[in-house]
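Within every chain, numbering begins at 1; the chains are lettered A, B, ... in the order of the sequence lines, protein sequences first and strands thereafter.
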Amino acid sequence: MQPTNVKNMSVVAQIKQVTAKAITALYAIDIDDAAILVNTTKPEFEGDYTVVLFAFVKQLKKSPDALGQELGDYLVANNPTLLTAYNVIKGFLNLSITDSYWLNFTNTNFNNEHFGKAAPNSKRVMVEYSSPNTNKPLHLGHLRNNFLGWSIAEILKANGYDIVKTCIVNDRGIHICKSMIAWQLFANGATPESTGMKGDHFVGDYYVKFNDAYKLEIEQLIASGVTKDQAEKDAPIMKAAQQMLIDWEAGKPDVMQLWQTMNTWVYAGFNTTYNSIGSDFDKTYYESNTYLLGKDLVEQGLEKQVFFQKEDSSVWIDLTADGLDEKIVRRKDGTSVYITQDIGLAEQKQKEFNADQSIYVVGDEQNYHFKVLKLICQKLGLPSADGIFHLSYGMVELPTGKMKSREGTVVDADDLVAEMINISQQKTEELGKVKDFSNDELLSLYNTIGLGALKFFLLRVDPKKKMVFNPEESIDFHGFTGPFIQYTHARIKSILRKMEQEVSSFKFQVSSIDSDSPLLPLEKSLAITLELFPTVIGEAATEHDPSKVAIYIFNVAKTFNSFYTEHSIANAESEEKKLLRLQLSQLSAQVLKTGMQLLGIGVPERM
RNA sequence: GACUCGGUAGCUCAGCUGGAUAGAGCUACAGCCUUCUAAGCUGUAGGUCAUUGGUUCGAAUCCAAUCCGGGUCACCA
């Protein structure tokens with residue numbers, strides 16, 4: 001925090017600063033701002049913010065009470081624009097902020113569309129997310145990944161970073177070959193066009209068909225007296241898939257042709273899904289192009305003696321000193337393993353984009369992998385190494401437990417999105433508030449609400465934690481949900497539309513407020529809540545946690561709704577009050593809009 | 001087994017750089033639409049913060065052990 005520009009400092013930061021100064025002035029002791037604990041005051045006590053004094057009691061050899069009195073006196077006397085009163089209860093120094101401070105705050109920010117956002121800081125961050133396999137369509141787990149990736153990118157942008165969004169498509173490997181084999185065997189030349197299916201679902205079906213056929217062959221083999229292990233190896237369809245992978249790596253023309261055709265189908269399907277959920281990428285990497293990367297780095301690693309070779313000529317790194325294992329980086333046959341291409345890709349990204357940080361949005365089952373990846377890159381001395389950050393997120397489970405493709409409990413992304421949009425249509429029609437909307441407007445509204453509900457549901461919990469997706473609860477549009485916030489925004493916009501006269505002619509300038517009508521509790525708590533926005537955006541970025549934003553804007557919406565129910569804006573007690581409330585309303589709408597935008601969620605003008 | 005993450009209200013989750021009587025939403029119950037959108041607001045009910053011990057002025061938060069659950073420990077990705 002730069003103490004030079006007081007105007008841009010949060011209230012809490014200012015309190016810390018003046019408290020540190022006060023302690024220095026009173027007791028000739030240097031105190032770091034960060035050492036001072038400031039909380040919001042509990043509602044049952046008088047005051048807005050509380051300085052916790054216990055930490056200094058011992059050092060200053062004062063009783064909490066005496067210290068509180070002295071500090072309080074000094075603070076209020078020396079900061080008349082910020083503080084108006086104090087009281088001390090036990091070791092807590094409760095401070096009251098002046099009304100004029102809050103009036104000034106709303107006055108200077110209500111018309112600022114960038115409120116909460118930081119200026120560009122000339123640092124670049126790459127965010128890799130989504131990273132699908134091309135053998136099946138996206139599911140609920142991918143949605144969490146996509147929403148997180150998009151949101152963290154937006155949050156970092158709001159903190160001034162230059163963002164490059166990337167996607168690595170896993171378009172090669174045995175799983176793709178399985179779909180290809182099954183298509184050859186069972187499709188009779190069918191295509192997405194001929195069947196009217198979305199390409200990714202079409203290909204995914206053949207992946208399922210492969211597994212069905214494979215299972216059947218295993219059963220037959222076992223019935224003929226073969227052991228299970230042997231049957232799994234011997235099943236003809238599996239052998240065919242493995243052969244196809246070899247042919248693919250050899251570049252056999254007909255295999256390449258089929259591979260390209262089927263991937264094209266899948267990409268068409270993915271693009272539809274990405275469009276509907278709002279995912280986009282500045283750069284897409286394909287594993288078929290990157291899987292050979294990193295080979296030269298293995299050589300370099302051997303030269304630098306970061307890696308070592310075993311008798312069978314396979315290449316390893318010893319990470320036991322770092323509490324991990326030995327890890328292979330090149331097979332004895334000279335082919336590279338997964339982590340090798342990741343090292344290579346990290347280097348490639350660095351060359352291409354030269355980012356200060358590289359965030360990988362990947363599930364927590366790969367925690368170990370990314371720990372290893374970062375370590376190896378560091379030991380190799382790659383310039384990108386220290387910037388590697390694994391944004392690890394927990395699995396999405398159903399109330400019945402984990403999603404299992406074998407049991408058909410996987411929630412398909414397209415289905416889910418469609419269902420959410422459907423439900424938002426039903427609810428909207430039931431309420432009948434937008435009967436004058438055109439068809440296009442209606443469709444766009446259903447989309448905004450349906451996706452808003454879904455995205456908010458998946459983003460409102462800490463990414464690191466696994467979460468339960470309850471279909472019934474997630475489609476609830478009340479309480480801690482996206483639609484609740486969208487609704488609050490629409491409400492505010494409705495008021496602003498109705499009071500356009502005031503909005504345009506007075507521009508809401510409130511220069512003073514009469515002493516007869518100080519800030520009412522709900523007015524003040526709304527201002528206090530709004531003032532937190534820049535701090536929250538900063539925290540969400542440093543902790544890579546969009547849920548911080550979700551929880552915060554829910555709070556803003558709740559606080560606004562209480563304020564709105566209690567106080568009339570159009571028929572306020574005085575002109576000053578009316579303008580103040582208009583300012584608070586406009587700033588609330590602004591914060592809700594920006595906050596939702598950071599989550600990738602739109603807010604309607606009406607709903 | 002080793003490593004790792006978690007266990008907070010009936011359910012889903014906040015709170016965890018130690019601070020006042022642990023908070024939301026959902027559910028249940030009771031109220032509030034002649035006044036700016038009731039997808040709203042207000043209230044009631046709901047807790048041994050997994051257990052035990054420790055650290056200290058103070059522990060849901062830090063430490064240790066135990067119990068329970070997830071993940072990882074592939075020449076898969």
Side-chain angles (χ1 to χ4, degrees), chain A residues 34-35 37 39 41-42 44-45 50 52-55 57-58 64 89-92 94 131 133 168 170 172-175 287 291 312 314-316 323-325 327-333 335-342 362-369 371 392 394-395 397 399 402 424 427-428 430-431 433-434 449 453 457 460-462 464-470 472-474 476-488 490-499 547-548 550-551 554-555 557-558 560-572 581-582 585 606-607:
Chain A
L37 179 63
N39 294 332
T41 303
K42 301 270 171 199
E44 55 269 34
F45 300 104
T50 298
V52 183
L53 301 171
F54 296 106
V57 167
K58 219 178 276 174
I89 297 172
K90 293 200 266 177
F92 301 95
N94 301 321
S131 308
N133 291 357
I168 170 98
N170 183 7
R172 61 164 285 279
I174 189 71
H175 48 288
E287 219 178 274
Y291 80 110
D312 66 358
S314 60
V315 180
W316 297 72
L324 305 175
D325 300 319
K327 194 83 190 167
I328 192 163
V329 294
R330 190 171 76 192
R331 298 188 183 100
K332 63 182 173 191
D333 63 6
T335 59
S336 51
V337 293
Y338 177 63
I339 196 141
T340 317
Q341 63 166 300
D342 259 6
V362 178
D364 61 7
E365 71 272 11
Q366 294 197 39
N367 285 351
Y368 181 78
H369 172 80
K371 220 184 268 182
S392 164
M395 204 173 287
E397 294 176 5
K402 285 184 204 166
S424 68
K427 301 256 180 189
T428 304
E430 276 169 29
L431 292 169
K433 294 181 182 180
V434 288
I449 297 174
F457 189 87
R460 70 181 199 180
V461 309
D462 185 341
K464 290 191 288 295
K465 297 191 179 172
K466 67 176 184 191
M467 65 179 296
V468 175
F469 181 85
N470 185 328
E472 280 161 34
E473 196 182 312
S474 65
D476 193 354
F477 288 0
H478 304 271
F480 188 19
T481 67
F484 168 79
I485 292 162
Q486 292 171 323
Y487 171 72
T488 306
R491 260 182 150 181
I492 300 173
K493 289 326 261 297
S494 169
I495 299 164
L496 295 178
R497 274 194 302 275
K498 289 194 171 142
M499 301 183 69
S547 75
K548 291 266 186 304
I551 291 163
F554 171 60
N555 244 317
K558 243 190 341 180
F560 178 84
N561 280 324
S562 300
F563 157 86
Y564 171 90
T565 307
E566 193 65 28
H567 303 300
S568 176
I569 296 160
N571 300 313
R581 289 175 192 166
L582 273 172
S585 301
R606 290 177 55 195
M607 67 184 275

> With sequence neighbours left out, what residues match A/Asp364 under side chain to side chain donor-acceptor pair (under 3.5 Å)?
Replying inline: none
> Which pair of heavy atoms, one from A/Ser392 and one from A/Gly363, lies closest together, and at what distance?
Replying inline: OG-C, 4.4 Å
>> A/Tyr564: which residues meet the ring pair (Phe, Tyr, Trp, His ring centres under 6.0 Å) condition with it, sequence neighbours left out?
In response: A/Phe560
>> Please encode protein proximity along nucleotides 24-35 of chain B as a string of B, S and -, counting only heavy-atom distances under 4.0 Å.
In response: SSS---------
> Excluding sequence neighbours, so at least two apart, what forms ring pair (Phe, Tyr, Trp, His ring centres under 6.0 Å) with A/Phe54?
Replying inline: A/Phe92
> What residues form a side chain to side chain donor-acceptor pair (under 3.5 Å) with A/Arg606, not counting sequence neighbours?
Replying inline: A/Asp436
>> Restricting to ring pair (Phe, Tyr, Trp, His ring centres under 6.0 Å), what partner residues turn up for A/His369, sequence neighbours left out?
In response: A/Tyr338
> What interatomic distance, in whole Å, is found between C1' of B/A28 and the corresponding atom of B/G46?
Replying inline: 10 Å
> Under the ring pair (Phe, Tyr, Trp, His ring centres under 6.0 Å) test, which residues partner A/Phe477, sequence neighbours left out?
Replying inline: none
>> Anti or syn, where syn is a glycosidic angle within 90° of 0; which label fits B/C5?
In response: anti
> A/Asn367 near the nucleic acid: base, sugar-phosphate alone, or nothing, with a heavy-atom cut-off under 4.0 Å?
Replying inline: nothing
>> Does the protein touch nucleotides 18-23 of chain B at the base, only the backbone, or not at all? Give it as B, S and - per nucleotide, heavy atoms under 4.0 Å.
In response: -BB---
>> If the condition is salt bridge (Lys or Arg N to Asp or Glu O under 4.0 Å), which residues does A/Lys332 pass it with, not counting sequence neighbours?
In response: none
>> Within the 4.0 Å heavy-atom criterion, would you say A/Asp325 contacts the bases, only the backbone, or no part of the nucleic acid?
In response: sugar-phosphate
> P atom, B/U48 versus B/A60: distance in rounded Å?
Replying inline: 14 Å
> Does A/Asp312 have any side chain to side chain donor-acceptor pair (under 3.5 Å) partners at least two apart in sequence or in another chain, and if so, which?
Replying inline: A/Ser314
>> To check you understand the geometry: which heavy-atom pair defines the closest contact between A/Ile569 and A/Ser585, and what is its length?
In response: CD1-OG, 3.4 Å
> Partners of A/Ser131 by side chain to side chain donor-acceptor pair (under 3.5 Å), sequence neighbours excluded?
Replying inline: none
>> Please convert RNA chain B into dot-bracket. A pair counts if it is Watson-Crick or G-U wobble with both distances under 3.5 Å; crossing pairs go in [ ] and bases paired with another strand get |.
In response: ((((((((.[[[[.)...(...]]]].(((((.......))))).....[[[[[..)....]]]]])))))))....
